[in-house]
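Treat the numbers as computed from the prediction; the structure is a model and nothing was measured. Labels below follow one simple rule: chain letters A, B, ... track the order of the sequence lines, proteins then strands, and each chain is numbered from 1.
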There are 2 protein chains.
Amino acid sequence: MHSPELLKGTLQTIVLKVLKDHGRMYGYEITQRVKELSDDRIFLTEGALYPTLHKLEAEGMLKTETVNIGKRVRKYYVLTPEGKSLVKERVAEFADFIKTMANVLQVQLG
Amino acid sequence: MHSPELLKGTLQTIVLKVLKDHGRMYGYEITQRVKELSDDRIFLTEGALYPTLHKLEAEGMLKTETVNIGKRVRKYYVLTPEGKSLVKERVAEFADFIKTMANVLQVQLG
DNA sequence: TCTAATGCATAAGACTGTTATGTATTAGGC
DNA sequence: GCCTAATACATAACAGTCTTATGCATTAGA
């Protein structure tokens, strides 16, 4: 893993985009998907993930659906229309950010 | 400007790389250069910049040279050999980070 | 003459995320 | 059958990094 500080500020963006690309997901599933997509470089911790999901839900960006799997509970999250707008914003913002950084650091992208 | 949180963890990298590319610089000059290079998107605040410079100096990554300009003082910073190694590390780390993020977010680079 | 820009510096506070902890179910190795 | 790891949620104490606020002082320009 790279320095975990770099991840700061990207958590919402990651969660929102993964939800957009994979549809209905539950918390644990998100951590696993991100682990996979990042080739074991990004590990979302529960202490960061759950509060983020709750916050996005409270803001109306996500809605939930609780499902019982045997005796275990799963909370599925889905993007609301507002959430879908937010994803676009956040991803565009991140794309702009890396372009800016590439200029400042004089590095090649791709 | 993009969300300032994205900048978290990149300050040292930016400072080190700009110093590498432009040689001897003083604090205020660094803020101006970064402002330019980022096309007015990144503004390093003094409250973050000076402590960072002091820390890097304390760690032996930078050395300083104080110069009097009239009655005003300027502190020039230059990379030490250790500092030069650190730049490479940090820049490589950042490059890796954005590649990973591009995978996770499924966005094109460049 | 007054304001903005130059130039340094530190401290209080905010914001994110990590680490630690808690609870509980289920799958798999031995 | 038993124990551990994985699954699944959640919250609280703490740490790190940066922003905002403040302070001091010089110089350029309207």
**OP:** Round to a whole Å and report the spacing from CG of B:Leu53 to P of C:dA9.
**Re:** 8 Å

Subject >> Distance in angstrom units between B:Lys35 NZ and C:dG7 P, rounded >> reply: 14 Å

Original post:
Quick one: CG on B:Leu62 to CD on B:Glu82, what's the gap to the nearest 0.5 Å?
Top reply: 10.5 Å

Subject >> Reported CG-to-CE distance for the pair A:Leu19 and A:Met61, which is rounded to 0.5 angstrom >> reply: 13.5 Å

Protein and nucleotides 14-17 of chain D: nitrogen or oxygen contacts under 3.5 angstrom:
residue : atom : partner : partner atom : Å
D:dT17  : O2   : B:Lys8  : NZ           : 3.0

Original post:
Tell me, which of residues 66-74 of chain A have any heavy atom that sits under 4.0 Å from an atom in DNA chain D?
Top reply: A:Arg72, A:Val73, A:Arg74

Report, one pair per line, the protein and nucleotides 10-12 of chain C atoms (nitrogen or oxygen only) whose separation is under 3.5 Å.
residue : atom : partner : partner atom : Å
C:dT10  : OP2  : B:His54 : ND1          : 3.3

Original post:
Say you draw a straight line from OG1 of B:Thr100 to CG of B:Asn103; how long is it, rounded to the nearest 0.5 Å?
Top reply: 6.5 Å

**OP:** For B:Ile30 and C:dC8, give me the distance from atom CD1 to atom C1', rounded to whole Å.
**Re:** 13 Å

I'd like a table of donor-acceptor pairs (distance under 3.5 Å, sequence neighbours excluded) in which one partner is a side-chain atom from residues 53-60 of chain A, with atom names and distances.
residue : atom : partner : partner atom : Å
A:His54 : ND1  : A:Tyr50 : O            : 3.3
A:Glu57 : OE2  : A:Thr64 : OG1          : 3.2

Original post:
With A:Lys35, which residues qualify under side chain to side chain contact (heavy atoms under 4.5 Å, CB included), at least two apart?
Top reply: A:Gln32, A:Asp40, A:Phe43

**OP:** Determine: side-chain N/O of A:Tyr26 to OP1/OP2 of D:dC9, distance under 4.0 Å, yes or no.
**Re:** no

Original post:
Same cluster for A:Leu109 and A:Val104 if Ile/Leu/Val/Met/Phe/Trp/Tyr side chains link at under 4.5 Å?
Top reply: yes

Original post:
What is the distance, rounded to the nearest whole Å, between atom CZ of A:Phe43 and atom P of C:dT18?
Top reply: 12 Å

Original post:
Is it true that a side-chain atom of A:Thr52 and a backbone atom of A:Gln12 form a donor plus acceptor pair closer than 3.5 Å?
Top reply: no

Subject >> N or O in side chain of B:Thr45 less than 4.0 angstrom from D:dC18 OP1/OP2 >> reply: no

Original post:
Which distance, rounded to the nearest 0.5 Å, do you find between the OG1 of A:Thr31 and the CD1 of A:Ile42?
Top reply: 12.5 Å

Original post:
Nearest-Å distance, OH (A:Tyr77) to C1' (D:dA8)?
Top reply: 11 Å

Subject >> Donor-acceptor contact below 3.5 Å, side chain B:Thr80 vs main chain B:Gly83 >> reply: yes

**OP:** May I have all residue pairs that pass salt bridge (Lys or Arg N to Asp or Glu O under 4.0 Å) and include part of residues 60-69 of chain B, sequence neighbours excluded?
**Re:** B:Arg24-B:Glu65

Subject >> Separation of atom CG in B:Leu6 from atom P in C:dC15, rounded to whole Å >> reply: 16 Å

Original post:
In terms of side-chain geometry, is the basic nitrogen of B:Asp96 or A:Arg41 positioned less than 4.0 Å from the acidic oxygen of its partner?
Top reply: yes

Subject >> Interatomic distance where CD belongs to A:Gln32 and P belongs to D:dA8 [whole Å] >> reply: 9 Å

